[in-house]
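Worksheet: one structure, shown below.
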Protein chains: 2
Amino acid sequence: MVTMKDVAERAGVTKQTVSNVITGRVHVSPATAARVRAAIDELGYTPNLVARSLATGSTRTVGLIVPTVTGSFYSELTEEVEDVLAVHGYHLLLGTTRLDGERAKQHLTGLTSRLVDALLVAGDVGLTEHLPVLADARFPVVLCAWEGEAPDTLPVVTIDYERAGFLAGRHLRELGHERVAVLGHPAHAPRIAGFRRAFAKDGITVPDRAVHFAPEPTPAGGIAAANAAFAADPDLTALFTTEDLLALGALEAARAAGRSVPDDLSVVGHDDTMEARQLSRPALTTVSLPKREMARQAIEVLMRAVTTSEAPTNALQLLRPTLIVRASTGPAAPAGRGQ
Amino acid sequence: MVTMKDVAERAGVTKQTVSNVITGRVHVSPATAARVRAAIDELGYTPNLVARSLATGSTRTVGLIVPTVTGSFYSELTEEVEDVLAVHGYHLLLGTTRLDGERAKQHLTGLTSRLVDALLVAGDVGLTEHLPVLADARFPVVLCAWEGEAPDTLPVVTIDYERAGFLAGRHLRELGHERVAVLGHPAHAPRIAGFRRAFAKDGITVPDRAVHFAPEPTPAGGIAAANAAFAADPDLTALFTTEDLLALGALEAARAAGRSVPDDLSVVGHDDTMEARQLSRPALTTVSLPKREMARQAIEVLMRAVTTSEAPTNALQLLRPTLIVRASTGPAAPAGRGQ
DNA sequence: CTGAAAGCGCTTACAG
DNA sequence: CTGAAAGCGCTTACAG
């Protein structure tokens, strides 16, 4: 394996000079620089990045922890992170938790040892309890896509999930809906709270029995939850699902139950995924989250901390969601149908 | 920052002894081992992995290059790779190409410098031309999910794509279809060739004008391509799409054109994605690929090469696809409809 | 079972 | 502008 010393000998200089022409930190006379470059080419030399990392204390790698890379939300976030990193010349070390606390912990401890210059943790499920592991991490950490309670010691760039739910609820209220149900996941409590707030403003409470947790975050899970909701309240006129895939299942369940959307039933989703945009019939009204923007800002906070080697401020940055009205929502039917 | 030397001083031993208790390579007396461990805890010492990597020559990281992490095929592959890696105690460095040759090249060259112990390249689009960059890589490389021509210098673990297309075609032939069209992408030439072979066996040629390339690999792209196919041959009775998402679009286009599936039109997809399983109406007949198995085998070949430090044999391993018959295919209609 | 030495391949002040 | 030295924090034979 050819090293800097080999190049130096070949070019008739010392290895420091070779280092200088490679890093460009110190000016080298054009003549010797050319000799060095020639030697590099002839020998097919490539620098050993591990050695460089040890000397500089930087691996030019950042770690990203996400729940999964399946499903458009986190995969788009991952690609956005990768893009921003590439601009800065950084590599991406990826770990997925699969919503499993043990896996999350393993990743957290595994990265504690200077393998990465910084760490971005996206998604809080199963992670919150293991965050203390990071207490004496010697690199900056930022949290994003954080829906639960975030520790106030760390900077977090996330979305105003409560508002996302509120937007969905307000839209339904404006259409006159009163009897509604929520299909979701326990981890989405803030969205659900926001949704409820929109109704509470008008003195309408969305009772706990109107909140149905789906067995899995898939269309099949949505079908099951929707059927449960129909059974619990045959007179409901609208559904808010905390994930688009659940909404697609709900649409299917409505069809099977003979409920026409949006005439008999309005459905609003959450995330504005590709599935919502291209596969739902009717086209799904949903809440769109600025995920790419969030990824970009989170990683920028991280990169700033890395390049300035100052700890980032532990600010909480909240990005605003947007409601996208399509064809799955309409005015509340004049009366219940009690089918 | 606390180092091994600090721990050694605290425990009253030399740093080599500390190293010995950490690596476990050399037996250390229980008494001193306990002292060392205590010192580690008190000081909150964690080993510097970069220094270890430089000394051992291994980073315990493998690189994975995929076209994208959006869409279920490569994201499931990525998670499978991650799982196998975790078993071996390895980290995952991820790079996506987005089907862009330039990005691919950057990743390839970026990893050339001992940052990774091994490299898995999944998906050939835009990559083949840049593979020579890897010529003097000092770590094992394996190719997978390789549909185009693979260089015979590297081991490849892939799927028999030609057979995948053949299975789709044979199924349609067994149902009596003769006038068919293909919706796909130029990079899927092998699947298309296999599909054609199934018809050629019975003396039926699928002409070039029956092959329609979709503008994009999405349902919208599928709609466009399906409409082109209907226009080119109003009498066709079946469609093979080289990706499930195109099939979903085709189903939509058929509905819009008043063609009932599978009575008037049969549709067979490719990949058996979540969308095909849960979102298609009627349920999509498709070809299932053993992607997780492929990922597992590819990474095992890599890990074997890494642990034995023998170059892997440049074998070509072909995994077999399976046809999943659901509800979108049926017997060919007795006569064309010429609508 | 423990210690002294050398080395992994770079970079970073610091002299000249 | 170039060279000699020290150091990044480990591991790996090799003595004792």
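Treat the numbers as computed from the prediction; the structure is a model and nothing was measured. Each chain gets a letter, A, B and so on, in the order its sequence line appears, and its residues count up from 1. Side chains are part of it too, since the values below use all heavy atoms of this structure and drop only hydrogens, waters and symmetry mates.
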Which one is paired to D:dA4, where only Watson-Crick or G-U wobble pairs with both distances under 3.5 angstrom count? none

Assigned partner base of C:dA13, Watson-Crick or wobble definition, under 3.5 Å: none

With no hydrogens and no angle check, is any side-chain donor or acceptor of A:Asp117 less than 3.5 Å from a backbone partner on A:Thr59? yes

Salt-bridge present (B:Glu80, B:Lys291; N to O < 4.0 Å): no

Distance (rounded to the nearest 0.5 Å) between B:Thr14 OG1 and B:Glu9 CD: 11.0 Å

Do nucleotides 1-11 of chain C as a string where each nucleotide becomes B, S or -: B if the base has a protein heavy atom under 4.0 Å, S if just the sugar-phosphate does, - if no protein is that close. SBBBB--BBBB

Please determine whether side-chain hydrogen bond (donor to acceptor under 3.5 Å, both in side chains) holds for the pair B:Gln317 and B:Thr158, giving the CA-CA distance in whole Å, both sets of side-chain angles, and the decisive distance to 0.1 Å. CA-CA 6 Å; B:Gln317 186 162 358; B:Thr158 187; over 6 Å; no

Less than 4.0 angstrom from a charged side-chain N to a carboxylate O is my criterion; do B:Asp41 and B:Arg10 meet it? no

